[in-house]
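Some notes on the structure that comes next.
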Amino acid sequence: MFGLALFLFLLRTSYGEVTYYFPEEMKRGSVIGNIANDLGLDKKGLYVRKARLEMDGSNTLYCDINLSTGDLIVAERMDREQLCGRRVSCVLKYEMVLENPLELHRVVLQIQDINDNSPQFANDRITFEIRESAVKGARFAVHQAHDADIGLNAVQSYTLQRNDHFSLAVNTKPGGGKYGELKLEKELDREQQQEVTLLLTAVDGGTPQRSGNVVIHVTVLDANDNVPTFSQNIYKVRIPENAPMGTVVVTVSATDVDEGQNGEVMYVFGPISVELNELFSLDPKTGDISLSGQMDFEKESVYEISIQAQDSLGLTSFANVVIEITDVNDNAPVISLKSLTNPIPENVLPGTEVGIINVQDKDSEGNRQVRCSIQQNVPFKLNPSIKNYYSLVTTSELDREIISDYNITITATDEGSPPLSSSKIIHLSVSDVNDNPPAFEEPSYSSYVTENNKPGSSMCSVTARDPDWRQNGTVVYSLFPSGVNGVPVSSFLSINGDTGVIHAVRAFDYEQFRSFKVHVVARDNGSPPLSSNVTVSVFITDENDNSPQILYPAPAGNSLMTEMVPKAALAGSLVSKVIAVDADSGQNAWLSYHIVKSTDPGLFTVGLHSGEMRAQRDISESDSMKQNLVISVKDNGQPSLSTTCDVYLLISDNLAEVPELKDMAYEDSSKLTSYLIIGLVSVSTFFLTFIILILAVRFCRSRKPRMLFDGAVAIPSAYFPPNYAEVDGAGTLRSSYNYDAYLTTGSRTSDFKFVRSYNDSTLPADQTLTRCPDTLLEGSIITLNTAGDSEVTHAFILHFMRMVCPTWL
Ligand SMILES: *[C@@H]1O[C@H](CO)[C@@H](O)[C@H](O)[C@H]1NC(C)=O
Ligand SMILES: *[C@@H]1O[C@H](CO)[C@@H](O)[C@H](O)[C@H]1NC(C)=O
Ligand SMILES: *[C@@H]1O[C@H](CO)[C@@H](O)[C@H](O)[C@H]1NC(C)=O
Ligand SMILES: CC(=O)N[C@H]1CO[C@H](CO)[C@@H](O)[C@@H]1O
């Protein structure tokens, strides 16, 4: 230490002034130099002369003088840094004062620096925040390290710990002093390394060298240097076309490794059509692409959407979303009618093509496979044709008259699940063909018309129906030209062609003919026309238009016929008979007889229906020989018609007594006639006698003394009901009509009949009508005369035959 001091001290001695050089921080008591020697003073005198050091304005004396040795010694610790700071020279100036004699000497102390301070940084830690976007070469100044020492002992250099990113540049400040600068050699990447820690060391130039460290903490700040990255470049999804609105189709996601705002990703659609924009919506935050409309596979089956993700500062990346739409069976088949023959004639053959139908389904694959069917109850079927064409053909014959319209329902069903179907109704009309002849409502018609009808009056009507359409079904009636008894039918009847009403053209006479038949033809207006015919039977019914005609006796006026009555005639004996006929029939011909006037009212009666005149009491001598009666004959018609006749009776046994009888000869009877009548009467008489004999024999055998033929008055079966003229349903006349005329006379002894029947089997079951033996049937006339004069009978027969059967004569 001492040696060192010596070495360091540079003693410069000059008169009156001495300078010492010495390092700081010398120990107290250390000798700096010998001031007495240096100033050439006497050591012994120092004490006496009260040598001392003085300093202006300062109390602190860092040095002192050993008065015995004259040494200048360190009295107080001298820290150059404290005393002088950053001044380069650190000088303490003292004055050495000697008394007796006062002597002043300047003492200059030059304190020299030693490296007693290490470089020191202001803080233990230096923090930097450097954005990762900082470019290469960027510099970041580090606060310099402080070293209290000066000169060489101050900070001379810095060293930086080895690292990837920074190098250190050491610069000298203009005023001296060195500082370091961090220079970015390689860009930072926050995403790789968020913090960099460096150790910076400052060293001074002293010996030994001293150093100080500081930790530099670099925080790498984020820069928006990362593009958001999609998890996939292409998102592929399949979604059924009927996905409901709001369905999330796909979620895209992109990540941005940046921090904070720089890492916030927002999704938007890339360039996109308006239509797509309406169909899909994109959540900018979550990346959910959801459906905001209705998709239709049939319109578009694939959508490609460009999506971009961007962070807050606009760094953007792209991805594609491919949305494949899967078909759902959402389209029902569509049936279209390509052609249709409407109307179709009803006579088309089975298998005729009527229409063509096309079926389309917009769906795909199985969903577009369509089956077509037709409802069951129509005579049509569908024949599959080329592709999805079908032809509609008839399966059976059509009949417009049964079904004139068809509503054909065609149903098309696809094969989707669930299947969809649609149907179409085809309206088809059947047009008419004249295939139905008019048909009469009745198999035959009958008309009853009362004789003496007014010409032109309607009699009956026929109706025929034709189910065909319009003129094919319009019926026109006509009479089939034929004849009735050789007279054209048109002179009897006419028919209204439109209505079928039959009119009588003339008045009919029941007595002329009672029935006839005509054919009415009904014809339609088709082309060719169809027709049918029906028989109309016209029955003429009787009217009481004929008054009774008296056959016997001859009508009053031109006859002088007189009936002889035996004087001995007893009560009840038949004296004569009035015979009348009526050309009418039935009730109209049912005659009744009344005495209107008589000479002796109590003497004779006439049978109400028989016309037999009988004596009411025995004839006595007093009775007038000539009896005159007026008989009225009335029929039963409504109103009834009547005739009267005069009957002359001569009560006498001898014809000669009556002179007037001579007048009764017939002028007109020729000889031949007389012979014929005589012959006929003879044969008849003989024959009748024969029968009477036979009957008498039978009568006697039966021992029943009853009058032969008594009461054999033929009255038409019982009494006819008022409606006797009606006809039963079969149109055959009642039995009462079977008799043209019915003449009867009856007495105990004689019977007269004129019988003519149309048919044996229709004879009435009337016991009072005695049936003639077969041999007598044919228009025979039988006369019996047992009681009366044969001449009367002759006259009657002749008269009768003239009236009824002129041909016989
Ligand atoms: C067919 O349908 C129409 C209405 O659509 C109806 O007036 C007509 O009566 C129907 N015809 C048949 C035969 O069902
Ligand atoms: C009548 O039938 C014929 C075929 O016989 C047909 O041509 C015509 O059109 C039909 N008339 C009407 C009005 O239907
Ligand atoms: C009436 O119709 C039938 C068939 O129904 C036919 O045979 C006959 O010839 C027709 N008669 C007349 C007069 O037209
Ligand atoms: C006051 C003082 O320090 N005196 C010293 C002077 O030097 C002599 C000899 O070296 C010492 O003995 C004294 O003590």
Side-chain angles (χ1 to χ4, degrees), residues 1-12 14 17-33 53 55-64 72-95 106-126 139 141-160 168-182 199-216:
M1 189 72 170
F2 187 68
L4 179 70
L6 283 180
F7 172 74
L8 286 173
F9 295 171
L10 174 64
L11 184 68
R12 262 178 43 210
S14 64
E17 187 182 284
V18 65
T19 300
Y20 294 98
Y21 294 87
F22 64 94
E24 56 175 337
E25 302 283 355
M26 289 181 68
K27 271 188 175 167
R28 206 175 290 157
S30 305
V31 176
I32 297 167
L53 289 176
M55 184 192 227
D56 296 337
S58 173
N59 300 329
T60 312
L61 285 174
Y62 292 96
C63 295
D64 209 357
L72 184 71
I73 59 171
V74 175
E76 287 291 330
R77 173 176 162 259
M78 279 177 290
D79 186 2
R80 190 205 68 84
E81 284 76 26
Q82 200 183 356
L83 290 173
C84 300
R86 303 299 308 165
R87 271 173 288 159
V88 177
S89 69
C90 186
V91 178
L92 288 177
K93 286 178 177 162
Y94 292 102
E95 285 182 343
R106 287 174 63 102
V107 176
V108 176
L109 295 179
Q110 288 266 11
I111 301 167
Q112 290 178 319
D113 184 45
I114 64 166
N115 193 20
D116 61 345
N117 287 290
S118 301
Q120 220 176 355
F121 288 93
N123 296 304
D124 289 345
R125 242 176 120 83
I126 299 171
R139 288 164 180 263
V142 185
H143 287 292
Q144 68 183 113
H146 175 76
D147 196 328
D149 298 328
I150 54 166
L152 264 180
N153 292 334
V155 175
Q156 293 304 312
S157 69
Y158 296 90
T159 57
L160 188 64
L168 188 72
V170 180
N171 300 314
T172 308
K173 278 171 131 180
K178 291 195 164 124
Y179 66 94
E181 261 184 341
L182 294 179
L199 190 67
L200 181 67
T201 309
V203 289
D204 58 21
T207 327
Q209 210 172 32
R210 283 174 174 268
S211 67
N213 293 326
V214 72
V215 173
I216 299 175

Review point. Checking side chain to side chain contact (heavy atoms under 4.5 Å, CB included) for the pair V170/S157: CA distance, chi angles, key distance, verdict?
Key: CA-CA 7 Å; V170 180; S157 69; 5.5 Å; no
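- Between atom CG of residue N213 and atom OG1 of residue T201 there is a gap of 4.0 Å, rounded to the nearest 0.5 Å.
- Annotation for V88 and I150: closest pair O-CD1, 3.6 Å, computed over non-hydrogen atoms.
- Counting only heavy atoms from C-beta outward, the side chains of Y20 and V108 never approach each other to under 4.5 Å.
- Each of L182, V215, V142 was compared with I126 under the side-chain contact (heavy atoms from CB on, under 4.5 Å) criterion, and only V142 meets it.
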query = M78 and L92: side chain to side chain contact (heavy atoms under 4.5 Å, CB included), yes or no, with the steps?
reply = CA-CA 10 Å; M78 279 177 290; L92 288 177; 3.8 Å; yes
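- Residues that satisfy the side chain to side chain contact (heavy atoms under 4.5 Å, CB included) test with L152, not counting sequence neighbours, are Q156.
- Heavy atoms only, all atoms of each residue included: N171 and E181 are closest at ND2-OE1, 2.9 Å.
- N153 places no side-chain N or O within donor-acceptor distance of the main-chain N or O of D116, the cut-off being under 3.5 Å.
- When every heavy atom of V203 is checked against every heavy atom of S211, the shortest pair comes out as CG1-CB, 3.5 Å.
- Taken to the nearest 0.5 Å, the OG atom of S118 stands 11.5 Å off from the NE2 atom of H146.
- Shown here is Q110, whose CD atom has more than 12 heavy atoms of other residues, nucleotides or ligands within 6.0 Å.
- Contact annotation: the side chain of Q82 never approaches that of E24 to less than 4.5 Å [non-hydrogen atoms, C-beta and beyond].
- Side-chain contact between V214 and N123 is absent, with no heavy-atom pair separated by less than 4.5 Å.
- For the pair D149 and E81, the minimum side-chain heavy-atom distance is below 4.5 Å.
- Remark: side-chain polar atoms of Y158 are paired, donor with acceptor, to backbone N or O of A145 under 3.5 angstrom.
- Closest approach of P23 to I111, counting heavy atoms only: C-CG2, 4.4 Å.
- With R28 contributing its side chain and A75 its backbone, the two residues share a donor-acceptor pair below 3.5 Å.
- With values rounded to the nearest 0.5 angstrom, D204 atom CG is found 11.5 Å from K178 atom NZ.
- In plain terms, the two heavy atoms of L61 and E76 that are nearest each other are O-CG, 3.6 Å.
- Looking only at distances, no side-chain donor or acceptor of R77 sits under 3.5 Å from a matching main-chain atom of M26.
- Residues D79 and E25 meet the side-chain proximity criterion, which asks for heavy atoms closer than 4.5 Å.
- Going from atom OG1 of T19 over to atom NZ of K93 covers 9.5 Å, rounded to the nearest 0.5 Å.
- Heavy atoms only, all atoms of each residue included: A202 and P119 are closest at O-CG, 3.5 Å.
- Between the side chain of N117 and the backbone N or O of D147 there is no donor-acceptor pair closer than 3.5 Å.
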Under the side chain to side chain contact (heavy atoms under 4.5 Å, CB included) rule, what do L109 and Y62 come out as? Steps first, then yes or no, please. CA-CA 10 Å; L109 295 179; Y62 292 96; 5.8 Å; no
message = Checking V74 against K27 for the side chain to side chain contact (heavy atoms under 4.5 Å, CB included) test, could you report, in this order, the C-alpha distance in whole Å, the side-chain angles of both residues, the deciding distance, and whether it holds?
response = CA-CA 7 Å; V74 175; K27 271 188 175 167; over 6 Å; no
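- To the nearest 0.5 Å, atom CZ of residue R80 and atom CG of residue D113 are 4.0 Å apart.
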